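Report on one structure; see the data block that follows.
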Number of protein chains: 2
Amino acid sequence: MSAESRFLSLLRAVATDPAARGLADDVALLEIGGVRLILTNDTMVEGVHYLPGDPPADIGWKLAAVNLSDLAAKGARPAGCLLSYALSGDESWDAAFLTGLNEALNRHAMPLLGGDTVKMPSAAPRSYSLTAIGEATGPVPARSGAQAGDRLYVTGPVGDAGVGLELALASAVAAGPLVEAYRRPRPRLAEGALLAPHVHAMMDVSDGLLLDASRMAAANGLAVTIDHIPLSTALEAVRGGSTATQIAAARAGDDYELLFALPAAMKPPVRAIPVGRFSAGAGLTLMIDGAVLPLPDRLGWEHD
Amino acid sequence: MSAESRFLSLLRAVATDPAARGLADDVALLEIGGVRLILTNDTMVEGVHYLPGDPPADIGWKLAAVNLSDLAAKGARPAGCLLSYALSGDESWDAAFLTGLNEALNRHAMPLLGGDTVKMPSAAPRSYSLTAIGEATGPVPARSGAQAGDRLYVTGPVGDAGVGLELALASAVAAGPLVEAYRRPRPRLAEGALLAPHVHAMMDVSDGLLLDASRMAAANGLAVTIDHIPLSTALEAVRGGSTATQIAAARAGDDYELLFALPAAMKPPVRAIPVGRFSAGAGLTLMIDGAVLPLPDRLGWEHD
C-alpha cells in the first residue's frame, strides 16, 4: 500500500458524508434544496503532472480540461469553477496560462467564479488547482452499476496522449495531433450528457484503458475482458499497430475519453468503439486478435 | 501595482460571470435552481502562510477556519468542502494535519466531500487548498452597502493572532491564548448567520482592522474613521495598551473576526465592539483617545 493509499484511507474516515460517495467515484454528489451538484477538484504539479517546458497556455487548458472531464463522466452541466493559482514570477507566463485556461473554459461554457492567488517561495515548483462545480440534469452514472453481459465502450481511440508525451519529452519543438492530444485533451461533455441517461456505468479514461477498465470491473464485482484496443490513424502512422503498440496505448494515461458500460442489446447514442465486455467473476483479461495475452506488470498510470 | 494585482486584473477579464461579483467580494455567489451557493477557496503555502515549524494539526485547522470565515461573513451555512492536499512525505505529519482539519470541520458541521491528493517533488514547499461551499439562507451581505452615518463593529478584539505569530517566531514552544489565536482562529459562523439579515455590509478581518476597514470604505465610496481599537486582556498582559500597541494590533492580520456596518440606531444582535463610523468622503482616519493620528505606512497585511 502506497503512502497515498494510506492517506486516502485516513481521508475516507473523515469524509463520511454520503455526498462524498466514499471518495470512490472521482466526484462528490451534493444535493441542496433539490439541486444536485457534482463537485470535483484536480491539482497539477510542475514536474509531476506536466513538464516544466510545456507551453503555459497548454497547462492552463489541461487544468480546465481534466476537471471538465470529470463532469463529463457524470453527464453534468458545467456551472462554475474556482482556481487556486501560484504566481510563477513570470508575468507573461501567468498571462499565457490564463489565456489557455480561458480558452478551455469558454469552449465548454464553464464560468470562472473566483479562487485564490498565492506567491510561492522562489524556485519552488508551481502547482495549480481547480475546483469544478457541475449541475446534474438527469441520472448520474457511477463507476458501479454495470452488469454481467454489458458491453464496454470508449468514445475514441486511446494512447494518443501517451505517445504525445513521449514526443514532447524527445523534442521541445514536437507538435502535431499526438502532442496536441497530450497537451490539449478534449473533455467529452456533449457525449457525457447524451450517454448519462443510458449507461450502466461511466468514468473517464485518465489513467489508461486497462487500469481504468479493471477499476470499473472491481467497482462492480465483475470480470472484464478487453478484446479491442482502438488506435488513431495518427498513432499508427508513427508507431504502427503491433501488439506491443496496442498494449502501450492501453496502458497510457491522459486520454480523457469516456469509458462506459451498456447492455449488449443497446446501440450507443454517440459515436463509440466497443472494447470489451463484463462477465461474472473478477479481474481483467486482455485479448488481442482473439488470443489471450499475459497482462503487463503495470496496467496504467498510478496517480501521484 | 504588484504582480498579484496585475494578475488579478487579468483574472477579472476572464471571470465576467455575474456570480464572480467582479472578484471583489471574497466569495462567489452562484444561484442554481433557486439555491444560492457561496463559493470560496483559500490556499496556504509553507513559508508564506504558515511557519514550517507550526504543528501540522494547527495548519489543518487553520486551512478549514479561514475558508469557514469567508462563509461566516456571508451568513452562509457550511454545505461541503474539497481539499487539494500535497503529501508531505511524512505520514505522521499528514495524519496530524488531517486530524486538525477534521476538528475544525466537525466543530462547524462542514462535511469534507472530496478533493485531490498529490505528491510534490522532494524538498518542495507544500501547499494546501480548500474550496468551501456554503448555502445562503437569507440576505447575503457584501463589502458594499454601508451608508454614511453607519457604525462599524467587530465581533471581538484584534491583534491577538499577530502577537501570537511573533511569540511563535520567537520560541518553538510558545503557547497560550495568543499563539492559539494565531494557530486556531475561530470562524464566526454563528455570529455571521445572526448578523447577515441586519448588516449593511460585512467582511472578515483577515488582513488587519485598518486595511480591511479602509477596503470596506472604498467599496462603499465612503470615508471611515476608526476611533477605537479593542485589545484582549491576553494581549494587554504581554504588550500593554499603549498607542503603539493599539496601532500594531490594528495592522495585524489573521484575526478572523467579523467587521460589519450597522445603522447607528440599531443594536447589534450579537456581542460586538464599536470601532468606528462611516461618513461621506473617502479615506481612513485613525483616532486614539480622541486624537487623530498619522496613518502607519502599511495599514495591514497585503496578500501574498
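Everything numeric here is computed off the predicted structure, so don't read it as measured data.
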Check: Pick from B/Ser127, B/Pro125, B/Ala124, B/Ala19: which one has the most heavy-atom pairs with chain A under 4.5 Å?
Finding: B/Pro125
Note to self: Need one label for A/Leu82: side chain, backbone, both or neither, based on atoms under 4.5 Å from any heavy atom in chain B.
What the structure shows: side chain
Notebook entry, point to check: Measuring heavy-atom distances to chain B, does A/Arg77 have an atom under 4.5 Å in its side chain, in its backbone, in both, or in neither?
Noted result: side chain
Checklist line | Heavy-atom pair of closest approach, residues B/Val35 and A/Gly33 | finding: CG2-O, 4.0 Å
Check: Which atoms of A/Leu10 come close to chain B, meaning under 4.5 Å heavy atom to heavy atom: side chain ones, backbone ones, both, or neither?
Finding: both
Notebook entry, point to check: Measuring from B/Leu112:CG to A/Leu11:CG, what's the distance to the nearest 0.5 Å?
Noted result: 6.5 Å
Check: How far apart are the closest heavy atoms of A/Val48 and B/Lys119, and which atoms are they?
Finding: CG2-O, 3.6 Å
Check: Can you tell me how far CZ of B/Arg126 sits from CE of A/Met120, rounded to the nearest 0.5 angstrom?
Finding: 9.5 Å
Check: Highest number of heavy-atom pairs under 4.5 Å with chain A: which of B/Ala79, B/Ala95, B/Gly114, B/Ala20?
Finding: B/Ala20
Check: If you count heavy-atom pairs under 4.5 Å with chain B, which of A/Asn106, A/Asp25, A/Leu87 comes out on top?
Finding: A/Leu87
Item checked: A/Arg21 CZ: over 12 foreign heavy atoms closer than 6.0 Å -> yes
Check: Highest number of heavy-atom pairs under 4.5 Å with chain B: which of A/Val27, A/Ile32, A/Asp94?
Finding: A/Ile32
Item checked: Within 6.0 angstrom of A/Arg186 CZ, more than 12 heavy atoms from elsewhere -> no
Checklist line | Separation between CG of B/Leu83 and OG1 of A/Thr43, rounded to the nearest 0.5 Å | finding: 8.5 Å
Next item on the list: Let me know if A/Ile133 has heavy atoms under 4.5 Å from chain B in its side chain, its backbone, both or neither.
Entry: side chain
Notebook entry, point to check: Among A/Asn41, A/Asp42, A/Thr131, which residue meets the side chain to side chain contact (heavy atoms under 4.5 Å, CB included) test with B/Ser84?
Noted result: A/Asn41
Notebook entry, point to check: Considering only heavy atoms from C-beta outward, does the side chain of B/Glu135 approach that of A/Leu30 to under 4.5 Å?
Noted result: no
Item checked: Short side-chain to backbone donor-acceptor contact, A/Asn102 and B/Val14, under 3.5 Å -> no
Next item on the list: Below 4.5 Å from any heavy atom of chain B, which atoms of A/Leu23 appear? Answer side chain, backbone, both or neither.
Entry: side chain
Check: To the nearest 0.5 Å, how far apart are CG in B/Leu29 and CG in A/Leu113?
Finding: 10.0 Å
Next item on the list: Could you look at B/Leu37 and say if it's the side chain, the backbone, both or neither that has a heavy atom under 4.5 Å from chain A?
Entry: side chain
Next item on the list: Heavy-atom pairs under 4.5 Å with chain A are the metric here; pick the option from B/Gly47, B/Pro121, B/Ala28 that has the most.
Entry: B/Pro121
